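A short worksheet on the structure shown next.
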2 protein chains.
Amino acid sequence: MSYKRSFLMEERLADNRQRILKAARALVAEGGFNHASIAAVASSAGLSAGAIYRYFPSKSALFVEVLTSAIDHEIAILQQIVKGEGDVTARLRACVESFANRALEGPYLAYAFIAEPAEQEVDEARLLGRIRFGEVFKSLLIEGVEKREFPAQSIDIGAACIVGAFTEALIRPIAPRAKRDGRAELVEGIVAFCLRAVGAKIS
Amino acid sequence: MSYKRSFLMEERLADNRQRILKAARALVAEGGFNHASIAAVASSAGLSAGAIYRYFPSKSALFVEVLTSAIDHEIAILQQIVKGEGDVTARLRACVESFANRALEGPYLAYAFIAEPAEQEVDEARLLGRIRFGEVFKSLLIEGVEKREFPAQSIDIGAACIVGAFTEALIRPIAPRAKRDGRAELVEGIVAFCLRAVGAKIS
DNA sequence: GCAAGAAGTGAATGGCGATTCACAAAAAAA
DNA sequence: TTTTTTTGTGAATCGCCATTCACTTCTTGC
């Protein structure tokens, strides 16, 4: 009577889904969103264009998921640092450093995720991601102010500013066909800026 | 023999061009780039779609000019402040305040110019604009460091960070359908962040 | 093995809006 | 006024891809 998917079938479907996501991510990393048409994703995942629609309702939905899961991953890394040991200043430094270094590692991907023009939906997901990054810094700021490591200040605004600051400072070296030199100095410069901005003592 | 445009004709053509630019700007201010199709711009300027192409080679070119001239205007305002009197700290404060207030004044326009997804070319113009804003702050930073108002620091990075910081802090309240309250606090928060970041004494 | 249902195919469709173009109206030269 | 050149019109084209769909191939239940 009713059709029931075997375990193996389930596996294969799940695997396909993952392959689609992976292919999409890889194509974005390679040449940005433009480079990643449904046809390209499909063939790169070893499926037909039509098949994609068995797994995702639309192109936007697919890329929103690609973006969101990448962001989840980054956030998890940052939260790990936030929850770690050391004073707040050190952890803030570590967060900014980590984010910046990872972005410079895969510049095209980071560019796409931070700044490349994309559809409405993707863009909304991006905004949401930025807000989530903001929350991470917000928690650090709250702790820092509480522990008197930082002076009293507007937490929400400060968090947004931090995200904006390192993001912007990264965009230029990250953008397609930009020169990328002095990475260490760049990262250190960004960190120093952020630490001064929150009023951390020296460092 | 050769056709020569009369003075009146020249005038009319120049006027048409201006009207097109103005219509485009108005439509963007009203509903973002999406809202501003060639057809819409044309009818709003009192011309036919085809006529636009006698004045601009492409839609992108038109919007690049709209964007660029808006940026020119903003930059001029900031440079006025930079060249003004008062210590560097005060002028930096005035620049950030001015930009933020003007952005909050015409939120949709600012959003489109700062963050709305658009064609490649427009996006490139936007990046260029950001760099130019950076230069303004760069000159302030250089002066501030020279005059010992600010400690030694990475000028280029700092300038980029400032632009990113206020930009990001503005995007959320500026974005379509965002709530916009506490404007004065927002601006003051951003200013405070930036001043601490460059190491300005109190304020 | 065989019917019924599910997954996969890829060429055709569809929508959208920029761009073009054959033609019309207006302006300058003759 | 007639001719030539420029400017303006707006419907038709065109390009681009996401999305669909009639059909094939594979899975499952019997």
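Every chain is numbered from 1, with letters handed out A, B, ... down the list of sequences. In this text, all values refer to a predicted model and were calculated from it rather than measured experimentally.
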Ignoring backbone atoms, test whether [X] places a side-chain nitrogen or oxygen under 4.0 Å from the OP1 or OP2 oxygen of [N].
X	N	value
A:S37	D:dC17	no
A:R5	C:dA7	yes
B:N34	C:dG17	no

Nearest-angstrom distance from the residue atom [atom1] of [X] to [atom2] of [N]:
X	N	atom1	atom2	value
A:E121	D:dA18	CD	P	13 Å
B:H35	C:dG17	NE2	P	11 Å
A:I38	C:dG10	CD1	P	16 Å
A:F7	D:dG29	CZ	P	15 Å
B:M9	C:dA25	CE	C1'	11 Å
B:D15	D:dT7	CG	P	15 Å
A:R17	C:dG8	CZ	P	13 Å
B:E119	C:dG17	CD	P	12 Å

Inset, instruction - For the pair B:F166 and B:F99, name the ring-plane relationship: parallel under 30°, tilted 30 to 60°, perpendicular over 60°. - result: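 Rings of B:F166 and B:F99: tilted, as their planes differ by 30° to 60°.
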Inset, instruction - Can you label the angle between the A:F63 ring and the A:F33 ring as parallel, tilted or perpendicular, going by 30° and 60°? - result: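 Aromatic pair A:F63/A:F33 classed perpendicular.
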Flag the pair [X] and [Y] as a salt bridge only when some basic side-chain nitrogen lies within less than 4.0 angstrom of an acidic carboxylate oxygen.
X	Y	result
A:R17	A:E65	yes
A:R183	A:E105	yes
B:R91	B:E85	no
B:R93	B:E188	yes
B:R12	B:D15	no

Legend entry - Proximity to DNA chain C (any heavy atom under 4.0 Å), residues of residues 46-64 of chain A only: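 A:L47, A:S48, A:G50, A:A51, A:R54, A:Y55 - these, ordered by number, are the residues of the stretch whose heavy atoms sit under 4.0 Å from the strand.
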Inset, instruction - Look at the side chain of A:N16 and decide which nucleotide, out of C:dG8, D:dA18, C:dA27, has an atom nearest to it. - result: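 That would be C:dG8.
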